[in-house]
Amino acid sequence: MLLERCASVADVRAMAKRRVPRAVFDYTDGAAGQDEASLRRARQAFARVEFQPRVLLDVRTVDTSTTILGERAALPLVFAPTGFTRMMHAAGEPAVARVAQRLGIPYGLSTLGTTSIEDLAAAVPGARRWFQLYLMTDRGYGVELVDRARAAGYDTIVLTVDTPVPGRRHRDVRNGLTIPPQLTARTVADMIVHPRWWMNLLTSEPLSFATLTSTEGTVADLIARVFDPSITIDDLDWLRSVWTGRLVVKGVQTVDDAVMVADHGADGVILSTHGGRQLERAPVPFEILPRVREALDDRVEVLIDGGVMSGADVVAALCQGATAVAVGRAYLYGLMAAGEAGVQRVGDLLAEEIVTTMQLLGRTRVADLGTDCLRLRD
Ligand SMILES: Cc1cc2nc3c(=O)[nH]c(=O)nc-3n(C[C@H](O)[C@H](O)[C@H](O)COP(=O)(O)O)c2cc1C
């Protein structure tokens, strides 16, 4: 299938599945646990939405713009931070950030990114960049990363807190996924099936955790340091004292924790289960959203992510009170399917779907999207 014939993100996903080795697709597509329930439930929650459209309204002009953490965005959308992005396609983070810039939305670079803080800023200076921080066992290193992000013009730190330890991702275990992918008899056999992906990998700069190269040790050592099980709310207080810019806490999953991080100075929360990749049977962000919104009033901004595959999902989340919605897999499917052009196709599809959904709903501004626009079917 041609990229332009992909009618949905699901079509792009199918294309991605054919283009890259199974271990790479599964790493992106998969979630935690035997039946990947956290992710499945997140998707099912959107399927329960029944919009309540108003008709006989002039919907010629739709304004999808909104303010996300103090700045105007053309769409209520964020490209979420994802690690190992260059494994999906060597174009990696710069390609994703360029598309984000064209769409007029923020992009979050991961601590586990495969392009460094500085290289991304140099490659795409005009993109609105957020830096996603994993607080490592070495807090001094955390300060260093925050300072580097500040110096390179990132305006928001996203502290991810749903990773005291890595989740149990069964597909990766079964596939024997190694990062970076190793040349073994099995992978050589795979080259025959996915020659383009292997050429792309082997003829581009070697995969590395670009931001972390100054740390020493193997990848396993590194990951053990990146996921710190001892992190507490005191660390948020500490981060708040060293970073005066906008601070968002990502991976909040209950009303109480949303209130707690707001009380400790967060400017925003991202209700997220890491795309269902961490705790099995986690709460569904879309379902807890109205309660979190109510508990927080307008004190902090509330974003959500997890299982968003269409513009209709985005609009539904806004109706339930989200400031904006983040997507991870959606753009990674595009990246795997066709590099930067694939990410652009996904961005365009989401943008067009948001506009069409709003027009058919009879709402022409983001501010008009509220709980009166939908009900949830049993
Ligand atoms: C392949 C992959 C890698 C990810 N890496 C990170 C990461 O390094 N840091 C982080 O905070 N979240 C990471 N996430 C989670 C995303 O930021 C986001 O929460 C999630 O993808 C949202 O769900 P969705 O993929 O269904 O849109 C990753 C997600 C995926 C799919």
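Counting starts at 1 for both ligands and their atoms, following the listed order.
- Side-chain N/O atoms of Asp228 and Tyr134 include no donor and acceptor closer than 3.5 Å.
- Looking only at atom types and distance, the side chain of Gln278 has a donor-acceptor partner in the side chain of Arg169 under 3.5 Å away.
- Side-chain polar atoms of Thr82 and Tyr331 form a donor-acceptor pair below 3.5 angstrom.
- For ligand 1, one of its N or O atoms has an N or O atom of Gln132 under 3.5 Å away.
- For a threshold of 3.5 Å applied to N or O pairs, the pair formed by Thr28 and ligand 1 contains no separation below that value.
- One side chain, Gln132 or Ser110, offers a donor N or O that lies under 3.5 Å from an acceptor on the other.
- Salt bridge status for Arg363 with Asp368: absent, with no side-chain N to carboxylate O gap under 4.0 Å.
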(request) Just do the side-chain contact (heavy atoms from CB on, under 4.5 Å) check on Phe286 and Gln320 with the steps written out, would you? (result) CA-CA 8 Å; Phe286 179 69; Gln320 292 288 74; 3.5 Å; yes

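- Shown are Arg43, Arg13, Arg329; of these, the salt bridge (charged side-chain N to carboxylate O under 4.0 Å, His left out) with Asp29 is made only by Arg13.
- Counting only N and O atoms by type, the side chains of Ser65 and Arg72 include a donor and acceptor under 3.5 Å apart.
- Taking only nitrogen or oxygen atoms, main chain and side chain alike, Thr160 reaches within less than 3.5 Å of ligand 1.
- The nearest heavy-atom contact from the protein to atom 5 (N) of ligand 1 is Gly83 N, 2.9 Å.
- In terms of polar-atom proximity, defined here as any N/O pair under 3.5 Å, Met88 makes no such contact with ligand 1.
- Side-chain contact, Asp348 with Gln344: a donor N or O sits under 3.5 Å from an acceptor N or O.
- Close approach to Gly328 involves these atoms of ligand 1, each under 4.0 Å from a residue heavy atom: 21 (O), 24 (P), 25 (O), 27 (O).
- Residue Leu332 touches ligand 1 through its side chain alone, judged by heavy-atom distances below 4.0 Å.
- Regarding atom 31 (C) of ligand 1, its nearest protein heavy-atom neighbour is Arg277 NH1, 3.4 Å.
- Of all the heavy atoms of Phe84, none lies under 4.0 Å from any atom of ligand 1, so neither backbone nor side chain is involved.
- Close approach of ligand 1 to Val327 (heavy-atom distance below 4.0 Å) involves ligand atoms 27 (O).
- Protein heavy atom nearest atom 25 (O) of ligand 1, with residue, atom name and distance: Arg329 N, 2.8 Å.
- Ligand-side atoms of ligand 1 in range of Ser272: 19 (O), range being under 4.0 angstrom from any heavy atom.
- The Tyr27 neighbourhood of ligand 1 comprises atoms 1 (C), with distances under 4.0 Å to a heavy atom of that residue.
- At least one N or O atom of Pro81 sits closer than 3.5 Å to an N or O atom of ligand 1.
- Polar contact check, Gly307 against ligand 1: a nitrogen or oxygen pair lies under 3.5 Å apart.
- Interface of Ser110 with ligand 1, defined as ligand atoms under 4.0 Å from a residue heavy atom, comprises 7 (C), 8 (O), 9 (N).
- Between Asp305 and ligand 1, a contact under 3.5 Å exists for at least one N or O pair.
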